[in-house]
Amino acid sequence: MDVITASAPGRVNLIGEHTDYNGGFVLPTPIPQRTAVELRRRKDGLVRVWSREIGAWAEYALGDERRRGGWLDYVMGCTQALRLTGHALEGFELKIASDVPLGSGLSSSASLELAVLRAIRQAFGLAIDDTQLALLGQRAENELVGAPVGAMDQLCASLGQAGSALFIDTRTFATRLVPLPDDLDLLVIDSGLKHDHATGGYRTRRAECEEAARQLGVPQLRDLGVDDLARVARLPDPLARRARHVITEDDRVLAAVAALEARDLRTLGELFVASHASMRDDFEVSVPAIDTLVAIACADPDVYGARLTGGGFGGAIVAIAKAGTAAAAARRITDQYCDQSWNQNRDQTRGTPRVLVAQEAACSRS
Ligand code: GLA
């Protein structure tokens, strides 16, 4: 029987954090790490799945998708979302292999969902466009996995292209590719501290944003601009700071697109720094170890700016650096971070950093 292969990348968000569930703007770009799947159709209604990373098979019957609290939920979420939108499926066997790190804020889950959905679309000849496919991935995660995420990660996994950032208006799902200048190096460094979006902080932040919008009398925080900040400041704490983050972050995304188009990397670096400060102080999704990593990166002579990327509470940082310097800068940053942890009583709360992307402009996008 025919084997269908499909894959989808992880992503790093350049800027625009916690704006996607507020109808705002985001600017992610795909990373080289991907999730790949192989699918073989079956004649019955069974789905059997092998995960290379877990080293195990798991199975379920179509129509019997329910939360089990493990990796299979992402696959079950996809078939459930397809069935609930009226797509006829039959069983299949699926093999998954991924080199997107888990829990690092680089969208391992969206890359898995989109790889699975692409393979199913092809195997069953489903007429679904790439934007709709991304929204099915989001639905899988919202409904079956139970993580109240926005659509940024899935849209980037579905529509992103290497060498470009993907500007997304998450209110309309309109997208535009913004080429990355060839004199910009991209660095992604995992802090080693894992996050989890199905629980805790992410859910609370989302609820706080919705409450702030309600108290301000707008459908979503996207409906406000920097001119409204005086009014926003009259909200009770912490709602005022949560809303201020989202409103100023939307503004920074637009400024970042303009800076990329003008190849103004200094301004882009300053926007990264301001975004991090806002996530740390107003949105409170950073942790001290990440603040340290960002500070070390920002102090590096070849780095224009750095910030926490993704949902936060751990995960990775993204930095932009002068062309041709990424590998050496990444090494300096991780070395300094490790030296500091060692000197501060082998601080266990810090995790072991890992360089995930040190993409030097000239070789990666030539
Ligand atoms: C996670 C979610 C996204 C987005 C970011 C924060 O990655 O999956 O939808 O909300 O956090 O910007």
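Order of listing sets the numbers, starting from 1, for every ligand and every atom in it.
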Pair F25 + F167: ring centers closer than 6.0 Å: yes
By number and element, which atoms of ligand 1 are closer than 4.0 Å to a non-hydrogen atom of [X]?
| X | answer |
| --- | --- |
| R11 | 7 (O) |
| G150 | 9 (O) |
| M152 | 4 (C), 5 (C), 12 (O) |

Looking only at distance, does Y21 have an N or O less than 3.5 Å from an N or O of ligand 1? no
Is any N or O atom of E17, backbone or side chain, closer than 3.5 Å to an N or O atom of ligand 1? yes
Under the side chain to side chain donor-acceptor pair (under 3.5 Å) rule, what do T79 and R83 come out as? Steps first, then yes or no, please. CA-CA 6 Å; T79 56; R83 284 193 308 98; 5.4 Å; no
Under a 4.0 Å N-O cut-off, is there an ion pair linking E284 with R205?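 Salt bridge flag = no for R205 with E284.
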Scan side-chain atoms only and decide if Q220 and E210 contain a donor-acceptor pair under the 3.5 Å cut-off. no
Proximity winner for atom 7 (O) of ligand 1, if only heavy atoms of D153, V26, N13, V149 are counted: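 Among D153, V26, N13, V149, the closest heavy atom to atom 7 (O) of ligand 1 belongs to D153.
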Counting distance only, does the side-chain N/O of R242 pair as donor-acceptor with the main-chain N or O of A212 below 3.5 Å?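 No, the answer is negative, given that no donor and acceptor are paired below the 3.5 Å cut-off.
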